[in-house]
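Remarks on the structure that follows.
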Amino acid sequence: MAKFCSSCGNKLEDGASFCSKCGAKTGETKSTTTYNPGQKSKIAAGLFGIFFGSLGVHNFYLGYNSKGLAQLLISVLSCFLLSPISAIWGLIEGILILGGEINVDANGVELSD
Ligand SMILES: [Zn+2]
């Protein structure tokens, strides 16, 4: 099956990943470049925040380690007397994550649905 360059229309060699005429990338490598193994799950992060927000689990999961640590320490250092503060904080963040208000992890990688 003949393929053509999407930017200049040149006929492409079978399996070529670059156009020989203009150098544009062909669709051959698309499946590997769009797959992002580091992508975190939005649902998982949101549920972690709602159920384990007082321990900062969702922030550790997303790589926001200092924020997660703050939530964890508020709970642990107060012998869990202040854990409702972290829990509500985590709950709000969990809802923001599920609602798409927080949609990237600490590395700027978009969360998957
Ligand atoms: Zn081309």
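Sequence positions, counted from 1, serve as the residue numbers for this chain. One-based numbering, in listed order, for ligands and for the atoms of each.
- The only option from L91, I97, I92, L98 that meets the side chain to side chain contact (heavy atoms under 4.5 Å, CB included) definition with I95 turns out to be L91.
- Pairs passing the salt bridge (charged side-chain N to carboxylate O under 4.0 Å, His left out) check and including a residue from residues 78-87, sequence neighbours excluded, do not occur.
- Counted within 6.0 Å of CZ on F52, heavy atoms from surrounding residues, nucleotides or ligands total 12 or fewer; the atom is thus considered open.
- Using a 4.5 Å heavy-atom cutoff, the side chains of L72 and F60 are in contact.
- In this structure, the side chain to side chain donor-acceptor pair (under 3.5 Å) partners of D113, at least two apart in sequence or on a different chain, are K42.
- Inspection of the environment of the Zn ion (ligand 1) yields the following protein N, O or S atoms under 2.8 Å: C5 SG, C8 SG, C19 SG, C22 SG.
- Among residues at least two apart or in separate chains, side-chain hydrogen bond (donor to acceptor under 3.5 Å, both in side chains) pairs with a member in residues 79-95 are H58-E93, N59-E93, K67-E93, Q71-E93, W89-E93.
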